[in-house]
Amino acid sequence: MARKLALLVAALVAVASPATALWPQPRNITTGSTALRLSPGFTISLSSIDGAPEDLVQAVTRTESYIKTDKLGRLVVGRGSSDVAAYSRAKTLSQLTLSLSHGAKVQSITTEAQKPLEERDEAYTLTVPSDGSAAKLTASSTLGLFHGLTTFGQLWYENDGTIYTMTTPVDIEDSPAYPYRGFMLDTARNFFPVSDILRTLDAMSWVKINTFHWHVVDSQSFPLEVPGFTDLAAKGAYDPTMVYTSADVQNIVAYAGARGIDVMVEIDTPGHTAVISQAHPEFVACAQATPWSTFANEPPAGQLRFADPSVTQYTTELLHAVAEMFPGTMLSTGGDELNTNCYDADAETQSLLKSTGRTLEEALDVFVQAEQKTLASVGKTPVVWEEMVLVQNVTLSSDTLVLVWISSDDVKAVAQKGFKVIHAASNFFYLDCGGGGWVGDNPQGNSWCDPFKTWQLGYTFDPLANLTTDEAKLVMGGQHLLWTEQSGPENLDPIVWPRAASSAELFWSGAGGNVTSALPRLHDVSFRMRQRGVNSINLQPLWCALRPDACDLNA
């Protein structure tokens, strides 16, 4: 009798105080406390959308599959056994209907995801009644419908063969606070097979990250096979098997697009280009020069001889070819960590500067303007690292997006110059910090950006700190980043997830989120990712995960 009473009390508590585990948290949401079961014959209907694009059809199929196969027990003591009394008498949901707003143009998710940032429509409305009548998802774009499907899939748990939710009715009107929500992966320091990238894209889509910033090449390797420039990968990849072919790129771009993600490739120039000397030694100054620390921020040394017109022509032709591989509207030309010692010591550069009467800075301006002109000719919005604005005296087009990475303190200076900003600050969003030093023969060395950046740190970041109203309008969003000196396929998932989900919510839901209320939801994100094959790490002992707030510092 006492045991039955205890179970009844637990069930009443579970029903009286349900917690939605949606991530990112919708910006406008109301929920109830009524349980609802999913019918074994549950379906998602697209009947109201004439000519539904194939990637939307596939998204529906994936959502139905996730709901049926996640089999995630609710993160409470008993993992859902206390919910039985509530859901056993609950109504059943048989259908979710999808519809586009009147007059909305039917385009693929991929097409919508690859539009310019300001033109993407990611809003959706979702209602889930508690009486078993059809749930409804509406949006003005298929991209919005895709995000709504993602949210709907997070509502459900499983216990003893029953799929259910505890929080109906649900009413959501949702849209992102910022148009750019990214994740950057460096595949040049260490190579990542396509399968790892595809799995990462899946995980990104589950938390509504919409931009894959692909830092595909760097001084260490050039694994991208570019049509017309295949010698770069042939001579610059670590191994013939460590190459991204044109077919690989098409696969990655298509896979990303179908999951609401644009691929922004980066070809960092004129620094971080030592590997080009493997195919074209005449184009690179101080290639392999030692000691490398005099000529570069990390080995190997080598930078493009941008004062040479033939190098400028080669680089712009390379960028043009790369741009044709990626249909999105953004392309990064980098521009960070230029080492002037390299050019001071390079006789050919000094001779070129003398013959033209230009300073190094003036020659750099000519080079950068040529790059930007090329990107404009193929309809790309240029993206650069912050040094191109704050250190180098170069001319940039007004639509240039600036990645602020050295410090979040630099954001205001970039905004004051009128450029749009993407937050990528090393003091908040670098996932590789705190891993110890990777440079050899340096036993006391630490990672330059110590300490480890916790999810809480990124989550509590204020994207608009110290900005005026006009400056705040220039903030496009932000991202977590993984530089891979100490990472590879072996630790990709654990080092990224679920930490990168923290900025996904920050830039979708907006600043001001509460860490205490976010933690139980982030536990849910991590557990659900593992159910789907992504090796996301634990944030706390399971005892804590099952008891929200019990492990808070002053609990």
Side-chain angles (χ1 to χ4, degrees), residues 23 181-218 220-224 237-239 241-245 248-249 251-256 258-266 268 298 332 405 424 426 428-438 447 449 451-455 457-458 478-505 522-523 525-539:
W23 196 283
R181 304 174 308 281
F183 168 67
M184 191 217 78
L185 179 64
D186 161 23
T187 61
R189 269 73 177 200
N190 282 304
F191 181 82
F192 293 79
V194 171
S195 59
D196 289 296
I197 294 176
L198 300 185
R199 188 178 66 257
T200 300
L201 291 167
D202 275 326
M204 291 165 61
S205 74
W206 300 334
V207 291
K208 300 184 176 70
I209 292 175
N210 69 354
T211 306
F212 175 46
H213 175 184
W214 192 3
H215 188 90
V216 63
V217 299
D218 209 291
Q220 294 81 5
S221 75
F222 200 109
L224 182 64
Y238 284 130
D239 184 87
T241 63
M242 295 182 174
V243 169
Y244 302 108
T245 66
D248 290 333
V249 170
N251 182 20
I252 289 167
V253 168
Y255 197 92
R259 286 152 182 79
I261 299 168
D262 189 18
V263 180
M264 181 181 81
V265 71
E266 179 178 346
D268 203 352
E298 62 180 60
S332 176
W405 71 275
S426 59
F428 282 90
F429 299 118
Y430 271 30
L431 295 168
D432 52 306
C433 299
W438 61 269
S447 61
C449 54
F452 182 93
K453 308 302 183 236
T454 66
W455 76 266
L457 184 69
Q479 63 185 25
H480 269 90
L481 308 89
L482 179 59
W483 302 102
T484 61
E485 287 89 348
Q486 294 177 297
S487 297
E490 304 78 13
N491 68 340
L492 173 62
D493 292 1
I495 203 169
V496 174
W497 305 113
R499 278 194 294 162
S502 63
S503 64
E505 175 156 299
L522 193 56
H523 278 307
V525 170
S526 192
F527 275 69
R528 198 176 292 275
M529 282 186 172
R530 290 202 293 273
Q531 295 294 100
R532 297 180 183 181
V534 172
N535 192 24
S536 181
I537 64 167
N538 289 306
L539 296 171

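In what follows, residues are counted from 1 in the order of the sequence shown.
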Can you tell me if [X] uses its side chain to pair, donor with acceptor, with the backbone of [Y] under 3.5 Å?
X: Thr211; Y: Asp262; answer: no
X: Asp248; Y: Thr245; answer: yes
X: Lys208; Y: Met204; answer: no
X: Ser526; Y: Ile537; answer: yes
X: Asp186; Y: Thr484; answer: yes
X: Ser503; Y: Ala500; answer: yes
X: Trp497; Y: Val534; answer: no
X: Ser221; Y: Ala237; answer: no
X: Tyr238; Y: Ala188; answer: yes
X: Asp218; Y: Gln220; answer: no

Quick one, [X] and [Y] - any side-chain contact, counting heavy atoms below 4.5 Å?
X: His215; Y: Thr187; value: no
X: Glu298; Y: Arg189; value: yes
X: Gln479; Y: Arg181; value: no
X: Val265; Y: Ser332; value: no
X: Asp202; Y: Tyr255; value: yes
X: Thr200; Y: Leu492; value: yes

Ignoring hydrogens, what is the shortest heavy-atom contact between [X] and [Y]? Give both atom names and the distance.
X: Asn538; Y: Arg530; answer: OD1-NH2, 3.0 Å
X: Val249; Y: Leu224; answer: CG2-CD1, 3.6 Å
X: Trp214; Y: Ile197; answer: CZ2-CD1, 4.0 Å
X: Lys453; Y: Leu457; answer: CD-CD2, 3.7 Å
X: Pro451; Y: Cys433; answer: O-CB, 3.4 Å
X: Val207; Y: Ala504; answer: O-CB, 3.4 Å

Only counting residues at least two apart or in another chain, list the ones meeting salt bridge (charged side-chain N to carboxylate O under 4.0 Å, His left out) with [X].
X: Glu505; value: Arg521
X: Arg528; value: Asp70, Asp524
X: Arg199; value: Asp196, Asp493

Measure the acute angle between the ring planes of His480 and Phe429, then classify it against the limits of 30° and 60° as parallel, tilted or perpendicular.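 Ring orientation, 0 to 90° scale: perpendicular.
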Distance in Å, [X] [atom1] paired with [Y] [atom2], rounded so as to fall on 0.5 Å steps:
X: Met184; Y: Leu431; atom1: CE; atom2: CG; result: 9.0 Å
X: Asn491; Y: Asn535; atom1: CG; atom2: CG; result: 10.0 Å
X: Glu485; Y: Ser447; atom1: CD; atom2: OG; result: 10.0 Å
X: Phe183; Y: Arg499; atom1: CZ; atom2: CZ; result: 10.0 Å
X: Asn210; Y: Ser205; atom1: CG; atom2: OG; result: 11.5 Å
X: Leu185; Y: Ser487; atom1: CG; atom2: OG; result: 9.0 Å

